[in-house]
Amino acid sequence: MIKLNDEQLKAVNNINGPMLVLAGAGSGKTRVIISRIINMLKKGISQSSILALTFTNKAANEMSTRIKQIYKKKLPKLTICTFHSFGVKILKNEIDKLGYKKNFCIYDTTDKQSLIKETAKELEYKLEEMNYYNMSYLFSQIKTNRVEWDPFTEQYKKLFVEYQHNLKVYNSVDFDDLILLPIKIFTEHPDVLKKYKDRYKYFLVDEFQDTSEIQYHLIKSLAEDCRNICAVGDDDQSIYSWRGACFDNIINFEIDFNEFKEVRLEQNYRSTDKILLAANELISKNQNRKPKKLWTNKNKGELLKIILPENEKHEGQIIAERVKSILMKNKILYKDFGILVRANSLTRSIEEALLTENLPYKVSGGMSFFQRKEVKDIVAYLRVIANPDDDVNLLRIINLPHRGLGKKTIEQLTIIARKKSCSLFSSATAAVLASDSPLSNKITQALDEFVSLINYYRTKMLSGKGMGKSLLSLIEHIDYWAYLLSEYKKANVAKWKYMNTENLVNSLAEYEKDPDNLNPNLFEYLNRISLFSREENDENKNNDRINLMTIHSAKGLEFNTVFIAGVEKDIIPHARSLEENENNIEEERRLFYVAITRAKKRLYILSCKSRNKRGKVEETLPSQFLEDIPDNLFEFIDTDDVMTSEDAVSSFGQLKDMFKK
DNA sequence: CGTCTCCAGGTTTTT
DNA sequence: CCTGGAGACG
């Protein structure tokens with residue numbers, strides 16, 4: 001079994017009553033959680049009474065895989081998932097209590113924005129003064145009680161109410177609803193709450209610092225009677241406040257579960273002394289934190305290395321070269337490298353360099369498979385087939401490929417729909433049947449064909465058999481290939497996009513035949529893919545690849561060698577973040593802290609002298625956070641590998657000069 | 001009335 | 001650099 005220190009053992013063995021584990025970066029947190037669950041199982045606690053909540057699907061999968069590996073038994077009833085998946089689980093069984101149908105559909109950020117757009121049109125809001133991104137953010141904050149209406153936002157109250165109304169009419173929910181609706185069900189139906197309280201008796205919340213107020217509310221309502229709840233977190237790694245993460249939850253926990261035991265894990269097993277010292281120094285500049293000091297007995301680590309490439313292209317090349325030379329001198333694998341960036345757009349230049357050098361890599365985060373236009377198109381068909389009342393997705397496909405059903409037709413359908421207060425699909429069905437339809441013959445016929453198409457595939461797919469085949473035939477039926485060719489002039493682009501739709505078919509077919517899915521059906525498949533915004537890499541594929549990702553998605557991971565690219569002013573900390581609120585500087589610092597503490601042995605920090613922004617080359621300065629790290633912890637590396645001490649001095653002077661600018 | 005073409009504007013992080 | 005929207009055209 002895994003070796004544990006005294007503090008870790010405390011966290012593993014005290015399974016009754018509330019427990020707060022403050023686990024610093026690299027302190028063996030995952031090990032503790034896994035051991036704790038295995039310990040519970042060994043003591044005879046039933047697997048179905050355990051609920052472990054994680055922050056990402058990736059973390060959930062990893063955890064359950066490792067537990068099964070160690071425990072060597074099947075654990076079909078052990079629940080390890082994200083808050084959102086847990087919400088879906090509850091809604092799948094109980095959503096009818098709120099008057100939704102069970103084939104509800106989950107709207108992602110894009111769908112949500114489309115719905116707001118559509119609703120705004122309906123209410124004749126002036127479009128130009130609205131930013132849908134901000135509007136969807138505002139609505140989320142309102143829904144989750146993070147802000148109140150103010151004199152400026154009040155004008156959008158009507159839009160918000162109508163948005164909520166439309167969601168329900170379309171039998172759809174957004175991400176916030178996945179937490180809010182279960183809370184609502186529990187509040188309004190105590191018998192349902194009791195059912196879940198009777199089932200779950202042991203709770204574990206990972207990344208507790210990143211839970212939102214409503215997530216805490218949900219877990220609290222389930223755990224407050226049995227009181228066996230273990231929260232594991234680290235305030236220094238709270239990097240999701242923009243999404244509602246509220247580390248006051250740690251304080252709330254201490255009040256609500258006041259008999260709690262506390263364990264602090266401060267020994268770091270991950271990083272060398274130099275890396276850890278740098279991280280400690282950096283994070284100590286934050287005012288708003290619980291004081292702590294991580295320590296390690298791994299001494300004599302290498303210095304941190306700072307490199308100043310000319311531009312982002314050069315940056316990619318340097319990383320690729322470094323990876324190669326480290327691989328030659330050390331016994332490590334591709335997957336032991338992590339390349340971290342602040343924003344998804346920064347991966348591009350690095351990817352190009354890795355491709356040129358034939359280095360295998362995988363990107364996590366960013367535009368995921370399911371967000372690609374061509375995949376969303378086909379998924380939109382599936383969504384309408386599963387839930388014809390889903391107007392947002394219906395609008396996406398009604399004239400894709402072109403069927404001659406344009407703006408005017410939709411306008412007329414909308415009028416009918418509003419009159420009868422029904423969905424567009426119902427109004428389309430009605431219009432086809434009606435004798436006094438205001439639509440021309442040609443259009444009625446096209447509409448009829450569309451409605452029949454959906455109904456035909458609906459019957460086919462809801463039988464639950466051969467969904468993959470049906471989908472393929474649907475794609476051929478609508479001649480999506482011809483559509484792609486007409487949309488994209490370059491044949492290879494169209495081909496690539498068509499391949500993605502084929503991959504979607506494969507993914508559906510694989511889902512269907514996976515024995516782990518007890519009752520495969522279209523609804524479950526759709527719910528599943530809306531929660532997996534990231535491509536989950538097949539475990540059986542070649543997994544030895546360099547990891548390229550945003551800092552946010554690197555949370556919880558560790559790598560032998562880490563490169564942090566683009567450590568420049570306005571990127572880390574990000575200009576937009578500071579623009580929003582000056583106080584965000586502390587969260588940005590935590591973000592950099594998370595990046596640094598991913599490294600076990602070697603840490604490279606790259607800061608370009610110039611960078612191509614929107615097609616324009618701009619001079620850049622190093623990140624102000626580099627000033628928080630003591631000089632004696634890093635060295636400068638010349639861009640042509642080894643560097644003379646003279647160069648080091650001049651380069652160092654260069655950096656200092658840059659700060660003075 | 002639908003489609004095609006061209007142009008401007010916007011690009012933090014994620015379930 | 002890619003998307004979405006406005007306006008011309010058929």
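Below, read A as the first sequence line, B as the second, and so on, with proteins coming before strands; counting in each chain starts at 1.
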Expected output: side-chain A:Asn399 to main-chain A:Leu405 donor-acceptor under 3.5 Å: yes
At under 4.0 Å, does any side-chain N or O of A:Ser553 touch on OP1 or OP2 of B:dT14? yes
Interatomic distance, A:Lys376 NZ vs C:dT3 P [rounded to whole Å]: 13 Å
Rounded to whole Å, CD1 of A:Ile585 lies from C1' of B:dT12 at a distance of 15 Å
Between C:dG5 and A:Lys117, is there an OP1 or OP2 to side-chain N/O distance shorter than 4.0 Å? yes
Atom pair distance, as rounded to whole Å: CG in A:Asn57 and P in B:dT14: 13 Å
Test for a donor-acceptor pair under 3.5 Å between the base of B:dT12 and the side chain of A:Arg342, counting only N and O atoms. yes
Please list, chain by chain and in numerical order, all residues satisfying salt bridge (charged side-chain N to carboxylate O under 4.0 Å, His left out) with A:Asp628, sequence neighbours excluded. A:Arg589
Using a heavy-atom cut-off of 4.0 Å across all strands, would you classify A:Tyr133 as base, sugar-phosphate, or nothing? base
Is the side chain of A:Glu352 donor-acceptor paired with the backbone N or O of A:Ser349 at a distance under 3.5 Å, no angle test? no
Rounded to whole Å, how long is the line connecting atom CG of A:Asn612 with atom P of C:dC1? 7 Å
Using the six-membered ring of A:Phe523, assess whether NZ or CZ of A:Lys102 lies under 6.0 Å from its centre and within 45 degrees of the ring axis. no
Side chain of A:Thr109 - closest among B:dT15, B:dT13, C:dC2: B:dT15
Check the phosphate of B:dT14 against A:Asn344, side-chain N and O only, distance under 4.0 Å to OP1 or OP2. Yes or no? yes
If you measure from the ring centre of A:Phe55 to the centre of the six-membered ring in the base of B:dT15, is it under 5.5 Å, with the planes under 30° apart? no
Quickly work out the A:Leu178 CG to B:dT14 C1' distance and round it to whole Å. 13 Å
With the threshold set at 4.0 Å, does a side-chain nitrogen-carboxylate oxygen contact exist between A:Lys29 and A:Asp234? no
What about A:Arg243: does its side chain form a donor-acceptor pair under 3.5 Å with the base of B:dT13? no
Would you mind reading off the distance between A:Leu180 atom CG and B:dT15 atom C1', rounded to a whole angstrom? 13 Å
Let me spell it out: for each of A:Ser577 and A:Gln412, pick the nucleotide of DNA chain B with the closest heavy atom. Which residue's pick is nearer the 5' end? A:Gln412
Polar atoms only, N or O, under 3.5 Å: list the protein pairs with nucleotides 2-4 of chain B and their distances.
unit_1, atom_1, unit_2, atom_2, d
B:dG2, OP1, A:Gly406, N, 3.3
B:dG2, OP1, A:Thr409, OG1, 2.6
B:dG2, OP2, A:Lys408, N, 3.3
B:dT3, OP1, A:Gly404, N, 3.4
B:dT3, OP2, A:Asn399, ND2, 3.0

Counting only side-chain N and O atoms of A:Thr550, is one of them less than 4.0 Å from OP1 or OP2 of B:dT14? yes
Using the side-chain heavy atoms of A:Arg348, tell me which of these nucleotides is nearest: B:dT13, C:dG5, C:dC2. C:dC2
Separation of B:dT13 P from A:Leu346 CG (nearest whole Å): 8 Å
Separation of A:Leu340 atom CG from B:dT14 atom P, in whole Å? 12 Å
Chi angles and distances behind the side chain to side chain contact (heavy atoms under 4.5 Å, CB included) call for A:Asn387, A:Phe104: CA-CA 7 Å; A:Asn387 171 23; A:Phe104 68 92; 6.0 Å; no
Which atom names give the shortest non-hydrogen contact between A:Lys89 and A:Asn93, and what distance separates them? O-ND2, 3.4 Å
Lys/Arg cation over aromatic A:Tyr100: A:Lys168, 6.0 Å, 45° cone: yes
Please tell me which of the listed nucleotides, B:dT12, B:dT13, B:dT15, lies nearest to the side chain of A:His574? B:dT12
Under 3.5 Å, is there any donor-acceptor pair linking the side chain of A:His84 to the base of B:dT15? yes
